[in-house]
Number of protein chains: 4
Amino acid sequence: MAREIDHRSPSPPYRQIAAYLVADITAGVFAVGAPIPSEKELCEAYGVARNTVRNAVRWLRDAGYVETVVGRGSYVLDRASSTDKAGANESA
Amino acid sequence: MAREIDHRSPSPPYRQIAAYLVADITAGVFAVGAPIPSEKELCEAYGVARNTVRNAVRWLRDAGYVETVVGRGSYVLDRASSTDKAGANESA
Amino acid sequence: MAREIDHRSPSPPYRQIAAYLVADITAGVFAVGAPIPSEKELCEAYGVARNTVRNAVRWLRDAGYVETVVGRGSYVLDRASSTDKAGANESA
Amino acid sequence: MAREIDHRSPSPPYRQIAAYLVADITAGVFAVGAPIPSEKELCEAYGVARNTVRNAVRWLRDAGYVETVVGRGSYVLDRASSTDKAGANESA
DNA sequence: GTGGTCTAGACCACA
DNA sequence: GTGGTCTAGACCACA
């Protein structure tokens, strides 16, 4: 269940988690319009601190994979229809 | 009609709503002695949850702009006649 | 351990929790300068939702019993050295 | 859908609604442990004011048909296992 | 039909 | 890992 984070990898944990989530979104595990797991669930699933999952989710948001609604969660976007915003840092 | 809340602003939504209401009171849109809109109406006008408008109205109350009467509503005070309490409860 | 909240009392739960905390502060269970339990711990101790303990802590803050430091916690004040603010925000 | 309230009946509206709800509970429309409709839903279903449905639900509570949890709703009790408290007024 | 309180969560900013 | 804010409801006391 809990996928492994390699703390010796040059890729930081938040980036590894982001990659796992991108894989799940691409594979349709999390459908367009559906929410990804909550911060709390991701903390438990990957055994990391809140800030780490927050960084991972921020990466997904900046990359245009999800949008975040305060008090609700982060929802999968239909990425094909959106401009790639990676690095733009304009999303909420 | 519904003024915009900027969810990306460093000022939280309840503070933005409070600022809009202060502007309306100062401009005389809501006269001294008259009620401001009900919590339900403010929810609809700004598209936020009730707790958010309650935080905004609490801010107005703490700042001396309105007084709240249970079961009735919040009424505009003649601010000139009251000590300025703004800032008393802004921390935390 | 978990003191009882009487949901049939005319005093709402947050006020009962505030009274328990005032008793503990007065009795020296929480010393001046020391933190009171975190919101999460109070939720578990009293079996209530977080908003309820937040209302209780807000009451303590308004009454001058504690000061709250964001990201840290709420610390017991030396009440003798502060003006009694109790009652300032009890209305509404 | 909305059952009729007879405003000319000697039985007041809240008592008629309580009777409808007792019938539904007895018939198993609302199962033991399940919630009855919210106050808002009952207002709409019967076309009456909030206070009226509140009186109806209070009657059910006093009669031991349901228990009310603040912030959650009113849940059907297994009446066979409880003493008939009608009129006792001890329930929450 | 108002404001008051509560539930049970969520994400955010900060330390 | 804290307190801050928000969502989307619920029931309560009062007018």
Side-chain angles (χ1 to χ4, degrees), chain A residues 35-43 49-51 53-54 57-58 61 68-75 92, chain B residues 5 7-8 10-15 35-43 47-58 61 66-75 90-92, chain C residues 5 7-8 10-16 35-43 47-58 61 66-75 90-92, chain D residues 35 37-43 49-51 53-54 57-58 61 68-75 92:
Chain A
I36 63 173
S38 71
E39 293 182 350
K40 184 163 176 287
E41 289 170 333
L42 292 173
C43 286
R50 188 78 144 251
N51 278 352
V53 304
R54 283 185 56 70
V57 174
R58 178 174 310 169
R61 194 160 53 225
T68 299
V69 182
V70 176
R72 298 283 299 278
S74 291
Y75 295 83
Chain B
I5 298 300
H7 289 279
R8 283 149 238 82
S11 178
Y14 86 88
R15 203 57 197 72
I36 63 173
S38 73
E39 294 180 351
K40 185 164 175 286
E41 290 169 333
L42 292 173
C43 288
V48 297
R50 194 171 158 219
N51 273 355
T52 301
V53 306
R54 282 184 59 74
N55 277 339
V57 173
R58 191 206 323 273
R61 195 161 50 230
V66 301
E67 70 175 336
T68 299
V69 182
V70 178
R72 300 289 298 277
S74 292
Y75 296 83
E90 282 189 283
S91 63
Chain C
I5 299 299
H7 288 280
R8 284 151 238 80
S11 178
Y14 85 88
R15 201 59 196 70
Q16 295 179 48
I36 63 174
S38 72
E39 294 180 350
K40 184 163 176 285
E41 290 169 333
L42 293 173
C43 287
V48 297
R50 194 170 157 220
N51 273 354
T52 301
V53 305
R54 282 184 60 73
N55 277 339
V57 174
R58 192 206 319 275
R61 193 161 52 229
V66 301
E67 71 175 335
T68 299
V69 183
V70 177
R72 301 288 298 278
S74 290
Y75 296 84
E90 281 188 284
S91 64
Chain D
S38 72
E39 292 183 350
K40 184 162 176 288
E41 290 169 333
L42 292 173
C43 288
R50 189 77 145 251
N51 279 352
V53 304
R54 283 185 55 70
V57 173
R58 178 174 311 169
R61 194 160 54 225
T68 298
V69 183
V70 177
R72 298 285 297 280
S74 292
Y75 296 83

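Within every chain, numbering begins at 1; the chains are lettered A, B, ... in the order of the sequence lines, protein sequences first and strands thereafter. We use all heavy atoms of the structure for the numbers below, so side chains are in, but hydrogens, waters and symmetry mates are not.
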**Message:** Regarding F:dC14, can its base be found pairing with the side chain of D:Asn51 as donor and acceptor, where the two atoms are less than 3.5 Å apart?
**Reply:** yes
Comparing nearest nucleotides in DNA chain E, the 5'-proximal residue of the pair C:Gly71, D:Gly71 is D:Gly71
B:Glu67 CD to E:dG3 C1', in whole Å, measures 14 Å
From CZ of B:Arg15 across to P of E:dA13 the rounded distance in Å is 17 Å
Contacts of B:Ala49 and C:Ile36 projected onto DNA chain F by closest heavy atom; the upstream (5') one is C:Ile36
D:Glu41 CD to F:dA10 P, in whole Å, measures 6 Å
Here the pair of heavy atoms bringing B:Cys43 nearest to B:Ala49 is SG-C, 3.9 Å
Value for CD (D:Glu39) from OG1 (D:Thr68), rounded to nearest 0.5 Å, stands at 8.5 Å
Among the nucleotides F:dT7, E:dG3, F:dT5, whichever has the atom closest to the side chain of B:Ser38 is E:dG3
Side-chain contact check for D:Glu39: nearest option of F:dC12, E:dC12, F:dT7 is F:dC12
5'-most contact on DNA chain F (nearest-nucleotide basis), D:Arg72 vs B:Pro13, goes to B:Pro13
Note: B:Tyr14 and B:Ala56 closest approach over all heavy atoms is O-CB, 3.3 Å
Between CD1 of C:Ile5 and P of F:dC12 the distance, given in whole Å, is 18 Å
Worksheet entry | Polar side chain donor-acceptor pair, C:Asn51 to C:Arg54, under 3.5 angstrom | no
Out of F:dT7, E:dC6, F:dC14, minimum distance to the side chain of C:Thr52 belongs to E:dC6
Between NE2 of B:His7 and P of F:dC6 the distance, given in whole Å, is 8 Å
Checking F:dA8, F:dC12, F:dT5 against the side chain of D:Arg61 (C-beta onward), the nearest is F:dC12
Separation of F:dA13 atom C1' from C:Tyr14 atom OH, nearest Å, is 13 Å
Whole-Å distance, C:Asn55 CG to E:dG4 C1', equals 9 Å
Of the candidates E:dA10, F:dA15, F:dA8, the side chain of A:Lys40 sits closest to E:dA10
Closest of F:dT5, F:dT7, E:dC12 to the C:Arg50 side chain is F:dT5
Practice task
Give B:Val48 one of three labels, base, sugar-phosphate or nothing, depending on what nucleic acid heavy atoms sit under 4.0 Å from its own.
Solution key: sugar-phosphate
message = Would you say that C:Leu42 contacts C:Val57 through its side chain, given a criterion of any heavy-atom pair below 4.5 Å between the two side chains?
response = yes
inquiry  = Categorize C:Pro10 for me: base, sugar-phosphate, or nothing, with a 4.0 angstrom heavy-atom threshold over every strand shown.
reply    = nothing
Would you say C:Arg54 reaches F:dG3's phosphate, i.e. side-chain N/O to OP1/OP2 under 4.0 Å?
-> no
Partner of E:dC11 under the Watson-Crick or G-U wobble criteria, both distances under 3.5 Å, comes out as F:dG4
Closest non-hydrogen atoms of C:Pro13 and C:His7, given as atom of the first, atom of the second and distance, are CG-ND1, 3.8 Å
